[in-house]
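What follows is a set of notes on a single structure, which appears directly below.
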Amino acid sequence: MLRLSWLLLLVSFLALATSFVDTILLSAHSEQLNAAVSIANQILGVGYDLSTLLSIGALVLVAQYLGKGDLDSARRSSAVAVVGDTAVGALIALVLVILAPLLVDAVNSPAEIRRDTVVYVWTVGAAMIFNSYLVIFPPTGAPGIPTASSHIPARLAGP
């Protein structure tokens with residue numbers, strides 16, 4: 001069990017540590033910028049959660065197929081996950097970029113930090129397309145655990 005979960009624990013710890021460092025650096029630069037990023041992260045959190053929803057479901061499905069020894073179904077599921085996650089990520093990115101000003105107003109962002117908040121949502125929102133890849137492309141080299149990325153070349157090469 002620990003062999004499978006230590007990578008997830010490490011990723012969670014690194015994400016938390018990054019958040020702390022981010023806050024420290026932003027606070028040292030500007031209190032207003034830190035506030036803008038905090039407000040923007042409330043909006044972006046929904047996008048993060050939605051972008052990983054399909055990824056986690058796909059990983060569970062691939063793990064079930066691998067547990068059954070059905071490598072062909074695992075490959076097909078991996079390929080569908082890559083295409084589906086890309087589409088979902090692109091849709092979320094598009095919505096965040098287009099609706100950023102309205103979403104920032106909806107969370108009652110103060111006027112003095114509104115512009116910085118919108119710019120941050122645009123910047124991170126545009127990159128949201130890649131967020132789900134953090135889930136579907138786990139680090140390679142875990143003993144005996146094929147990853148979605150290891151099935152892509154075989155799937156793209158054809159039947």
Side-chain angles (χ1 to χ4, degrees), residues 4-65 74-140 142 145-152 155-156:
L4 296 176
S5 61
W6 75 270
L7 288 173
L8 292 174
L9 292 171
L10 178 63
V11 168
S12 296
F13 173 75
L14 290 174
L16 184 61
T18 302
S19 177
F20 285 142
V21 171
D22 207 22
T23 301
I24 291 167
L25 291 174
L26 288 171
S27 294
H29 179 70
S30 165
E31 290 179 13
Q32 287 187 336
L33 185 58
N34 191 32
V37 169
S38 294
I39 290 173
N41 281 337
Q42 293 176 16
I43 296 165
L44 294 168
V46 175
Y48 291 135
D49 290 344
L50 290 175
S51 71
T52 58
L53 184 65
L54 181 62
S55 301
I56 292 171
L59 284 178
V60 168
L61 189 61
V62 169
Q64 287 177 344
Y65 284 132
R75 284 187 178 126
R76 281 193 306 275
S77 297
S78 296
V80 169
V82 170
V83 173
D85 288 341
T86 302
V88 168
L91 180 64
I92 292 169
L94 184 65
V95 167
L96 285 171
V97 168
I98 291 172
L99 297 180
L102 295 173
L103 295 171
V104 169
D105 290 341
V107 295
N108 296 320
S109 178
E112 58 270 12
I113 62 170
R114 183 186 183 279
R115 183 181 181 290
D116 289 336
T117 307
V118 170
V119 168
Y120 188 79
V121 171
W122 282 338
T123 304
V124 176
M128 192 65 69
I129 190 170
F130 304 109
N131 188 56
S132 59
Y133 295 145
L134 298 173
V135 176
I136 62 172
F137 294 136
T140 58
I145 304 174
T147 63
S149 58
S150 66
H151 299 299
I152 295 169
R155 184 66 183 148
L156 295 178

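Basis for what follows: all heavy atoms, side chains included, without hydrogens, waters or symmetry-related copies. By convention here, the first residue in the shown sequence is residue 1.
Here the side chains of Pro110 and Ile39 are in contact, with some heavy-atom distance below 4.5 Å. With a 4.5 Å cut-off on side-chain heavy atoms, Met128 and Val97 do not count as touching.
In terms of heavy-atom proximity, Ala93 sits nearest to Ala126 at CB-O, 4.1 Å. The shortest non-hydrogen separation linking Val118 to Pro101 is CG2-CA, 4.0 Å. For the residue pair Leu61 and Ser77, the shortest heavy atom distance occurs at CD2-OG, 3.6 Å.
Residues satisfying the salt bridge (Lys or Arg N to Asp or Glu O under 4.0 Å) test with Asp105, not counting sequence neighbours, are Arg114. For Leu99, the side chain to side chain contact (heavy atoms under 4.5 Å, CB included) partners are Val95, Leu102, Leu103, not counting sequence neighbours.
A distance of 8.0 Å separates CG in Leu96 from CD1 in Ile43, rounded to the nearest 0.5 Å.
The stretch residues 115-125 participates, sequence neighbours left out, in no side-chain hydrogen bond (donor to acceptor under 3.5 Å, both in side chains) pair at all. Evaluation of the side-chain hydrogen bond (donor to acceptor under 3.5 Å, both in side chains) test over residues 31-50, restricted to residues two or more places apart or in two chains, returns Ser27-Asn34.
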